[in-house]
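All remarks here apply to the structure that follows.
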Amino acid sequence: MYNNSPIGVFDSGVGGLSVLKQLVRFLPYESYVYLGDTARVPYGNKSDDTVKQYSKECAEFLIAKNVKLIVVACNTASSIALDTVREVAGDIPVIGMIEPAAGAALRASKSGKIGVIGTRATVNSKAYTNKIMELAGANQITVMSQPCPLFVPIVEEGLIDHPASRMIAEEYLSELKKLDIDTLVLGCTHYPLLSRMIGEILNGIPLIDSGEHAAVTALRLLAERKMLIEERDEFVMKPKIDFFVTDVPNLFFEQAQLFLGFNVDSPKKIQLGIC
Ligand code: DGL
């Protein structure tokens with residue numbers, strides 16, 4: 001592992017590209033290896049053992065690519081399998097989605113009433129609740145979590161502004177609204193794409209994008225370890241990203257453009273475990 005080694009990023013599929021977008025925003029001169037386990041997505045309704053096994057295999061793939069940092073760009077994998085990934089990563093640092101977003105939510109909240117939305121697996125794990133409570137210490141905090149499983153297919157089907165999506169969002173968010181939360185953690189890779197609609201329903205309260213705060217954490221960590229690449233010699237318009245997937249879904253290029261905001265090169269198809 002060298003300073004100019006790539007940053008390894010993995011997710012259950014294309015959703016982690018919303019995290020990669022933030023990484024490229026804050027660390028534009030780094031090179032990246034992105035792995036989307038598209039053959040086995042979604043992780044959000046799988047058992048803990050399965051999520052741990054899949055995450056381990058993703059991490060091992062990135063380690064073999066000689067990465068200098070692993071970003072677990074999936075809230076479900078971060079909630080359930082962060083320790084598993086850290087075990088296989090050894091001395092390669094690992095950043096998950098939970099802690100950076102939990103800290104940001106505490107800084108943003110004035111009333112101490114914080115909402116968290118995510119997949120069923122993320123909510124059931126209580127990873128966000130436990131981390132927010134741990135970081136809050138003696139401060140009086142209420143965390144209310146709500147699984148929003150239909151948000152993932154809504155985004156992947158491109159129904160971001162559809163009236164049916166708004167009806168579903170109003171239903172999902174109604175309890176959080178009643179509780180009068182003043183901050184909401186978007187605890188899933190897909191949810192930042194729905195932030196305009198969610199913000200409108202919740203009257204403009206701060207929405208915490210887990211990818212954004214994980215990217216800031218990555219920036220800080222690499223700077224502290226003097227491993228940050230701060231400039232690039234040649235004038236390159238496009239960030240350097242190698243894409244790997246375990247299957248090429250029909251809508252891969254459209255979805256990648258949606259999450260990342262720019263077109264991606266063709267991904268290489270690889271096999272992990274027994275798909
Ligand atoms: N990437 C997942 C997450 O952030 C959402 C998709 C899935 O369920 O795998 O939780």
Side-chain angles (χ1 to χ4, degrees), residues 8-23 34-59 62 70-82 84-85 94-102 105 115-129 131 145-160 168 172 184-195 198 207-215 243-247 249 251-252 255-256 258-260 272-273 275:
V9 182
F10 83 85
D11 174 48
S12 55
V14 290
L17 295 173
S18 71
V19 180
L20 184 63
K21 181 179 178 180
Q22 297 293 344
L23 287 162
Y34 181 92
L35 170 61
D37 193 4
T38 42
R40 305 191 292 195
V41 71
Y43 285 8
N45 54 16
K46 302 237 164 39
S47 70
D48 286 10
D49 283 350
T50 300
V51 174
K52 282 181 190 167
Q53 181 59 31
Y54 290 177
S55 302
K56 180 171 174 278
E57 289 166 8
C58 290
L62 295 177
I70 295 177
V71 178
V72 183
C74 173
N75 285 264
T76 305
S78 300
S79 298
I80 292 164
L82 198 64
T84 309
V85 173
V94 177
I95 292 176
M97 296 294 107
I98 312 302
E99 185 159 354
V116 176
I117 54 175
T119 62
R120 279 194 205 291
T122 295
V123 169
N124 289 344
S125 76
K126 297 197 168 47
Y128 269 111
T129 308
K131 186 51 79 181
S145 305
Q146 171 68 47
C148 302
L150 290 174
F151 281 177
V152 168
I154 282 174
V155 170
E156 293 200 358
E157 289 299 323
L159 297 172
I160 287 171
I168 291 166
Y172 277 152
L184 179 70
V185 177
L186 304 177
C188 174
T189 49
H190 291 58
Y191 300 178
L193 284 89
L194 296 171
S195 52
I198 294 171
L207 304 178
I208 307 298
D209 177 338
S210 50
E212 179 181 347
H213 296 282
F243 288 100
F244 295 88
V245 289
T246 48
D247 188 21
L251 293 175
F252 177 81
Q255 288 172 346
L258 182 71
F259 280 92
L260 204 49
L272 293 175
C275 291

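Owing to the predicted nature of the structure, the values given are computational and were not obtained by experimental measurement. Order of listing sets the numbers, starting from 1, for every ligand and every atom in it.
For the 3.5 Å distance criterion, the side chains of Thr38 and Asp247 fail to qualify, holding no donor opposite an acceptor. In the model, Thr84 has no side-chain atom that pairs as donor or acceptor with a side-chain atom of Ser55 under 3.5 Å.
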Can you produce the list of protein nitrogen or oxygen atoms under 3.5 Å from a nitrogen or oxygen of ligand 1, alongside each distance?
unit_1, atom_1, unit_2, atom_2, d
ligand 1, 1 (N), Asp11, OD1, 2.8
ligand 1, 1 (N), Ser12, OG, 3.3
ligand 1, 1 (N), Thr189, OG1, 2.9
ligand 1, 4 (O), Asn75, N, 3.0
ligand 1, 4 (O), Thr189, N, 3.0
ligand 1, 4 (O), Thr189, OG1, 3.2
ligand 1, 8 (O), Tyr43, N, 3.4
ligand 1, 8 (O), Gly44, N, 2.8
ligand 1, 9 (O), Ser12, OG, 2.6
ligand 1, 9 (O), Tyr43, N, 2.7
ligand 1, 10 (O), Thr76, N, 3.1
ligand 1, 10 (O), Thr76, OG1, 2.6

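A donor-acceptor contact shorter than 3.5 Å is absent between the side chain of Lys46 and the backbone of Tyr54.
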Scan the side chains in residues 185-192 for donor-acceptor partners under 3.5 Å anywhere in the protein, sequence neighbours excluded, and list what turns up.
unit_1, atom_1, unit_2, atom_2, d
His190, NE2, Glu156, OE2, 2.7
Tyr191, OH, Gly118, O, 3.1
Tyr191, OH, Cys148, O, 3.1

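In this structure Lys21 satisfies the side chain to side chain contact (heavy atoms under 4.5 Å, CB included) test together with Leu260, sequence neighbours excluded. Listed by chain and residue number, Ser79, Ile98, Ser125 satisfy the side chain to side chain contact (heavy atoms under 4.5 Å, CB included) test with Ala127 (two or more places apart in sequence, or in another chain).
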